[in-house]
Amino acid sequence: MRIVGLMSGTSYDGVDVVAAEFTLDGETLRLTPLGHRTVDYDDGLRAEIGALLPPAATTIEAVCRLDNRLGEVFAGAAAVGVELAGGAVDAVVSPGQTVFHWVEGGTVRGTLQLGAPARVAARVGVPVLSDLRSADVAAGGQGAPLVPAFDALLLDPAETGGAPRAALNLGGIANLTVVAPGAPVLGYDVGPANALLDAAARRFLGRPCDLDGARAAAGRVHPGLLELLLAEPYYAAPPPKSTGKEKFHAGYLDDRLTALAPVPADDVLATLTELTARVVAAECERHRVVDVVAAGGGVRNPTLTSRLAALGAGRWRLRTTDELGVPAQAKEAYAFALLGWLSWHGLPGALPSVTGATRAAVLGSWTPAGPAAGAEPARPPRRLRVGP
């Protein structure tokens, strides 16, 4: 079965596109990567998404317009995925762009992703799986993270002599999955990775990011700012938990900075880099992992990865998913392709031990592009009669 997977994360800089072939061999599911690309958002679309995200106010008109504009972008990205697959696929997984994750008192009440899946289905002519988080939320879960289902199948603790292993994703938010023998899989959002760094880059540098962490490397960690940031109650909350830019946004950073005398831009970036490294390292230490396999945009930031490696020296090894055959920049898109394979076969994709749901849910909603799978062809009816 060939599936195109799309992913647009909390950094909202573009769409990662992958094509994958899945073959079931006994109890082993084989994933053959067929290629990956990134379709960048233009500056206007990035601005439109940013203007909609909390804490900004918006209108239902703006939501509708963005939903359909994103749908067109995802449709184009899906078409790229079909090309990567050689011209034919069975399904597309388009989870959409998260614009709100409704959390009250640690409980997720709802979640909203935009991306008009009907536009994707119309473009590529195959069924499209979208809205992957809502089924888990309806079952009492956080609706996130969903990638641990992929991590749990990929990471075998036997390869580390039975010692716990972790998968780390450094996107807008840092997510950690812990796989240990004889224990339920754990997975949760640790805290910000690129979310606050990118907010600081936009404010101080007028750029979308601090390329290669160069400015952070030139700065010094500001003890006062770091103390304020580490005081965030979210870090001490036990999993299951999830978060996003509804919490870690530019205004959040501004609130901490206004409590201090002016901090140089490079020092702000150095401090935010240290924040992510320390929060991630603390969780790796807590779970006594010996192997950390990282992916996501943050692995391209050598200032961040070198600091993580230094904090783990002698305790855990840091490497990327490329060593396991999964491109680090496309791992989440491949994970969503896997979730599509599971949903296609009626298998749950969310792990209750990760999300806190009362049951394992089959994820997503299918948007058809023709007859349902297995349906016999039928001519359009010309009339309807009611009764026996």
Side-chain angles (χ1 to χ4, degrees), residues 4-18 36-54 56 66-67 69-78 80-81 93-101 112-116 120 144-145 147 168-175 189 191-216 243-250 252-253 269 272-273 276 294-305 320-321 327-336:
V4 168
L6 308 180
M7 177 61 190
S8 177
T10 49
S11 294
Y12 60 90
D13 49 4
V15 188
D16 292 324
V17 186
V18 303
H36 68 277
R37 297 256 185 90
T38 297
V39 177
D40 293 329
Y41 291 155
D42 61 41
D43 291 341
L45 182 54
R46 281 195 294 268
E48 195 173 339
I49 296 170
L52 193 90
L53 295 176
L66 182 58
D67 182 41
R69 188 172 177 199
L70 283 168
E72 291 289 354
V73 174
F74 293 151
V80 170
V93 182
S94 183
Q97 177 67 55
T98 297
V99 294
F100 193 69
H101 205 55
L112 180 62
Q113 289 75 43
L114 302 183
V120 182
V147 174
L168 172 65
N169 186 70
L170 295 169
I173 301 298
N175 328 105
D189 290 344
N194 299 321
L196 295 182
L197 280 167
D198 291 350
R202 290 188 188 95
R203 173 175 170 176
F204 292 108
L205 310 180
R207 303 173 189 166
C209 68
D210 175 21
L211 187 62
D212 296 330
R215 296 291 294 269
T243 189
K245 285 191 174 178
E246 67 279 353
K247 172 175 279 293
F248 296 111
H249 50 72
Y252 177 95
L253 177 60
L269 291 162
L272 292 172
T273 302
T276 295
V299 302
R300 293 180 294 187
N301 182 336
T303 305
L304 174 57
T305 55
T320 71
T321 57
Q329 302 307 316
K331 178 211 168 181
E332 284 196 300
Y334 277 114
F336 276 99

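Treat the numbers as computed from the prediction; the structure is a model and nothing was measured.
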Please check: side-chain N/O of [X] versus main-chain N/O of [Y], any donor-acceptor pairing under 3.5 Å?
X      : Y      : answer
Asp42  : Leu45  : yes
Arg46  : Tyr41  : yes
Glu72  : Leu70  : no
Asp210 : Ala201 : no
Thr10  : Gly244 : no
Asp67  : Leu114 : no
Asp212 : Ala214 : no

Residue pair [X] / [Y]: nearest heavy atoms and the distance that separates them:
X      : Y      : answer
Ala294 : Ala328 : O-CB, 4.2 Å
Ala56  : Ala51  : CB-O, 3.3 Å
Thr276 : Pro192 : OG1-O, 2.8 Å
Val99  : Pro54  : O-CD, 3.4 Å
Gly191 : Ile173 : O-CG2, 3.2 Å
Thr321 : Pro327 : OG1-C, 3.9 Å

State, with a plain yes or no, whether a side-chain heavy atom of [X] is found less than 4.5 Å away from one of [Y].
X      : Y      : answer
Gln113 : Gln97  : no
Leu205 : Arg215 : yes
Ser8   : Phe74  : yes

Pair Asp13-Thr38, side chain to side chain contact (heavy atoms under 4.5 Å, CB included): steps then yes or no: CA-CA 10 Å; Asp13 49 4; Thr38 297; over 6 Å; no

Measuring from [X]:[atom1] to [Y]:[atom2], what's the distance to the nearest 0.5 Å?
X      : Y      : atom1 : atom2 : answer
Glu332 : Leu6   : CD    : CG    : 13.0 Å
Leu66  : Leu53  : CG    : CG    : 8.5 Å
Phe336 : Lys331 : CZ    : NZ    : 11.0 Å
Met7   : Tyr334 : CE    : OH    : 15.0 Å

Name of the residue among Thr305, Thr303, Val299 meeting side-chain contact (heavy atoms from CB on, under 4.5 Å) with Asn301: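 The residue from Thr305, Thr303, Val299 that satisfies side-chain contact (heavy atoms from CB on, under 4.5 Å) with Asn301 turns out to be Thr303.
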
Thr273/Leu197 under side chain to side chain contact (heavy atoms under 4.5 Å, CB included): CA gap, chis, key distance, verdict: CA-CA 7 Å; Thr273 302; Leu197 280 167; 3.5 Å; yes

Asp189 and Thr243: side chain donor to acceptor below 3.5 Å: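 Note: Asp189 and Thr243 side chains miss the donor-acceptor criterion.
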
Distance-only donor-acceptor check, side chains Tyr12 and Thr98, under 3.5 Å: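 No, Thr98 and Tyr12 have no side-chain donor paired with an acceptor closer than 3.5 Å.
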
Intermediate values then yes/no, side chain to side chain contact (heavy atoms under 4.5 Å, CB included), Val4 and Val17: CA-CA 7 Å; Val4 168; Val17 186; 4.2 Å; yes

Criterion side chain to side chain contact (heavy atoms under 4.5 Å, CB included) on Lys247 and His101, from CA distance to verdict: CA-CA 10 Å; Lys247 172 175 279 293; His101 205 55; over 6 Å; no

